[in-house]
2 protein chains.
Amino acid sequence: VTVTEPGPGPRVVVPFDATRPKTRLAPVLDTDERDAFARAMLRDVLAAVDTLDDATVDVVSTAPLDRDGGPGSDLAPRSAPESRATVTVDDRSLDAVVDDAIAETVGTGTAQGPLVVVMADLALVTPTALSRLLAPDADVVLAPGRGVGTNALVVRTPGFRTDFHGTSYLDHRRAARDVGTVEAVDSFRLATDVDEPADLVEAFVHGGPATTAWLTERFELAVADEEGRVTLVRQ
Amino acid sequence: VTVTEPGPGPRVVVPFDATRPKTRLAPVLDTDERDAFARAMLRDVLAAVDTLDDATVDVVSTAPLDRDGGPGSDLAPRSAPESRATVTVDDRSLDAVVDDAIAETVGTGTAQGPLVVVMADLALVTPTALSRLLAPDADVVLAPGRGVGTNALVVRTPGFRTDFHGTSYLDHRRAARDVGTVEAVDSFRLATDVDEPADLVEAFVHGGPATTAWLTERFELAVADEEGRVTLVRQ
C-alpha cells in the first residue's frame, strides 16, 4: 500500500470579520447589507481560492459562519455546492492569526507548501490573479493594496512576522528583506480591496459573480459630474 | 547598401494637458505645483516608454513644452539627458487626438506596429508594466483604470474608435468586441492614474523617480486615523 504524504500545496488563510464587517461602507449600506455584501465577497474569494491545485483553505472568522451549502449560505459560491474551506473561529487580531498560521505552516521544517493569505474583501480576485501571486519563488510575495495596505501575501520563511496596521505594505517589505527575498505582484485585482463607498464601483464592474449579482440588484452605474467621474446610485 | 525599412515597433502616444493639468488636485496643490507635478509624472512616463524596443514616442500636448534637456525641462527624465519623444501641440479632444493616431498608425494597410496610448499621469508605470500591456496579441488591449476609466491601450485594428468620457473601460471593451479581439491587463501600476488627492499616496509610495522626488520634498506619509488609513501631509 502506497501512502501519499500530504503534498506541497499551499495553505490558504482567508481572514473574515463576521462581527462588524465593512464599517466604512456605512454611508451607503446599512448593517444587514454590509453583512450580506461582505459574505458575497467572501464567496467570490473562496471560489477563486478553490481553484488552486492541492491547496488547503481555512477561513478564520471572528464568529461562526453558516455553511449548509445552499445558495444563500455564507461559504457557497454560486457555481459550486460548497467551498472546500474549513472554518475556524478566532477573534484575535489579524496579526496574531496570520503569525500563528506562518508558524504552523512554514515553521515546522518539513517540506510543505507556502502560507498564502488572501483578504476576504478582494471581490475582484480571479484564479489568474492568484496564480500570479504564487508564481514568484521569493521568501515573501506581497500584493500591495490601495493606501499602502497589504491585500494578499505568500510566506515561505518562518522568520517573517506581520503588522497589518497603517503602512503595512512598506512595513512588510522591510520585514521581508530582513529575513529573505521579497517580490511584489502588480495586480489591480489584488490591489483593490473593497473598503469605502468609492470602491463599490470597482466591485460592480470587475467583481466576481456573487459580488456583482448582489450589487446589480441594488445599484446602477451613473456618471456623476461633468468631469465624467463614475459612481453607483441606488436603483 | 541595405536600407532598413521602419520596423514594426509600436508608436506610443502620450497625451498631455499642459494648459490646466490636474485640476482635481486643487485641494492640495496650487496651480504652479500642479503644473510642476504633472510634468514630473510625464517625465516618469516617458522614461518608462523610452525603454520599449523600436518605439516611436509622441507627446501630444495642448501647449508647447520645454525640452532643452536640462534636469528641469518638461521632458527630461532624471536618468537620461533627454527623452526621444517628439512633441506635437494639439488642443483637440482626447478622442479626436487618439482616433487620428489610430488612423495614421494602423489604418494604412502596411505592416507596422500597434498604436499604444499611455496617459501622462500614470506615475507608477514601469517598463515591466508596459511590456505586459504589449504582450497580448489582441486587436485591442485595455488597461482599466480606477473609476471605470481607460489608462492605457494598444490598438492593432483600424476599426476601433475611442470614447474616453465616463465609463470608458466598459465602452471601449464593447467597441473593441465589435471590431475584433480584446484583452485587459491586470496591473495596479497601469490602473492608478493620479487624479485626486487620495491618489497622491500611491504616487508617493510606488511612483517613478521624478514623481517621488517631487513629492518627498513636500510631503510625508502619515497614518490618518485609528483605522490605519494612510495619507500625505505637508512637511
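In what follows, every chain begins at residue 1, and chains take the letters A, B, ... in the order their sequences are listed.
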Colleague: Do B:Arg146 and A:Val230 come close enough that some side-chain heavy atom pair is under 4.5 Å?
Modeller: no

Colleague: If we define contacts as heavy-atom pairs under 4.5 Å, which of A:Thr128, A:Val201, A:Thr167 has the most with chain B?
Modeller: A:Thr167

Colleague: Measuring heavy-atom distances to chain B, does A:Phe164 have an atom under 4.5 Å in its side chain, in its backbone, in both, or in neither?
Modeller: neither

Colleague: Less than 4.5 Å to any heavy atom of chain A: does that hold for the side chain of B:Arg189, its backbone, both, or neither?
Modeller: both

Colleague: Do you know which of B:Ser187, B:Ala191, B:Ala143, B:Gly166 has the most heavy-atom pairs with chain A at a distance under 4.5 angstrom?
Modeller: B:Ser187

Colleague: Evaluate the side-chain contact (heavy atoms from CB on, under 4.5 Å) criterion for residues B:Glu226 and A:His165: first the C-alpha distance (whole Å), next the side-chain angles of each, then the deciding distance (0.1 Å), finally the verdict.
Modeller: CA-CA 9 Å; B:Glu226 288 179 4; A:His165 189 81; over 6 Å; no

Colleague: Measure A:Arg24 against the heavy atoms of chain B and call it side chain, backbone, both or neither at under 4.5 Å.
Modeller: side chain

Colleague: May I ask you to check whether over 12 heavy atoms, not counting those of A:Arg20, lie within 6.0 Å of atom CZ?
Modeller: no

Colleague: Where on A:Thr23 is there a heavy atom nearer than 4.5 Å to chain B: the side chain, the backbone, both, or neither?
Modeller: side chain

Colleague: Does the side chain of A:Asp186 come within less than 4.5 Å of B:His206's, by heavy atoms?
Modeller: no

Colleague: With chain A as the partner, which of B:Gly147, B:Ser168, B:Ala129 has the greatest number of non-hydrogen pairs under 4.5 Å?
Modeller: B:Gly147

